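Comments concern the structure below.
For reference, positions follow the sequence shown, starting with 1. As the structure lists them, so they are numbered: ligands from 1, and atoms in each ligand from 1. Keep in mind that what you see is a predicted model, and the values were worked out from it rather than measured.
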Amino acid sequence: MKKVFFAVLLTVALIFSGTEVFTSQAQKIDEIAEVVEGSKILVLNYHQIDNKANPLAIPPATFDAQMKYLVDSGCVTITPDELYAGLNGELELPEKPVLITFDDGYVDNYTNAFPILKKYGLHATIFVIPAFTSVNPNYMTWEQLKEMEANGITIESHTLTHPKLEELPDDEIRSELLNSKNLLEQNLGHPVEFLAYPTGTYNLHIAGIAQNVGYKGAFTIKYGIVDCGSNFFALERVPIFNTAQNTMKDFYERIAWRQSFEEFGWSKK
Ligand SMILES: [Zn+2]
């Protein structure tokens, strides 16, 4: 309701006072939103880091520039546990918290992304498909996952085999969510409590099963920024794509545009 009010206020201010008010008013709304809603967490979503002609593959040099941009802008990378504790008010998050995530667990995450993340001292989270781990050569091995976990990377679940969950009967949804969790926990030796839905698809029913088998939260590909208005089982992310010539420009715009979701009162529901 507050957001709607501020959006109306902004519109009125614009009509009467021209565009200069737009900036200061928008800034003010942003400040108020910070106070009212607490931390806003940017969650980036990557897939492959490779020189492939594929929208999901970011060239390593571009990925390096994006990570440098985050560091230079004062962003601090956090883990899913910190995001969870921050949203629950149990932990004070840094001023510009960013959660860097990768889906699927491609081997290039180890060969190309990991050295860059280490170079900048950044944390990241990879949602892997454990049925492919140490089996399919396009995906990482258990040894690689363990080495990454010893160096600031968190491994979480992307289901056992990456099916379209919404097309499965309940018992299969449950086994995809539970068996991936168990397999990861056995091999990595720590609780696995976060999930990224394959293809980002989810509904209340799937979210309920995820919660029931022991997850604390799940990430979608719903484009937006996480804050205390977010649903723990429908966490927003900002997908980063390879857009040929304009990948860096698009990266800046995607990050910058995130603010306008709340400023204009757009719903998270
Ligand atoms: Zn996936």
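Residue contacts to the Zn ion (ligand 1): Asp103 brings no N, O or S atom closer than 2.8 Å. Residue contact annotation: His47 places no N/O/S atom under 2.8 Å from the Zn ion (ligand 1).
The closest approach of Asp104 to the Zn ion (ligand 1), by N/O/S atoms, is made by OD1. The N, O or S atom of His158 with the smallest distance to the Zn ion (ligand 1) is NE2.
Aromatic rings from Tyr106 and Tyr139 are positioned such that their centres are separated by under 6.0 Å. Taking the centre of each ring, Tyr215 and Phe233 stay at or above the 6.0 Å mark.
There is no path of hydrophobic side-chain contacts, each under 4.5 Å, that joins Leu56 to Leu44.
Annotation: Glu90, atom CD; neighbour count of heavy atoms from other residues, nucleotides and ligands within 6.0 Å is above 12.
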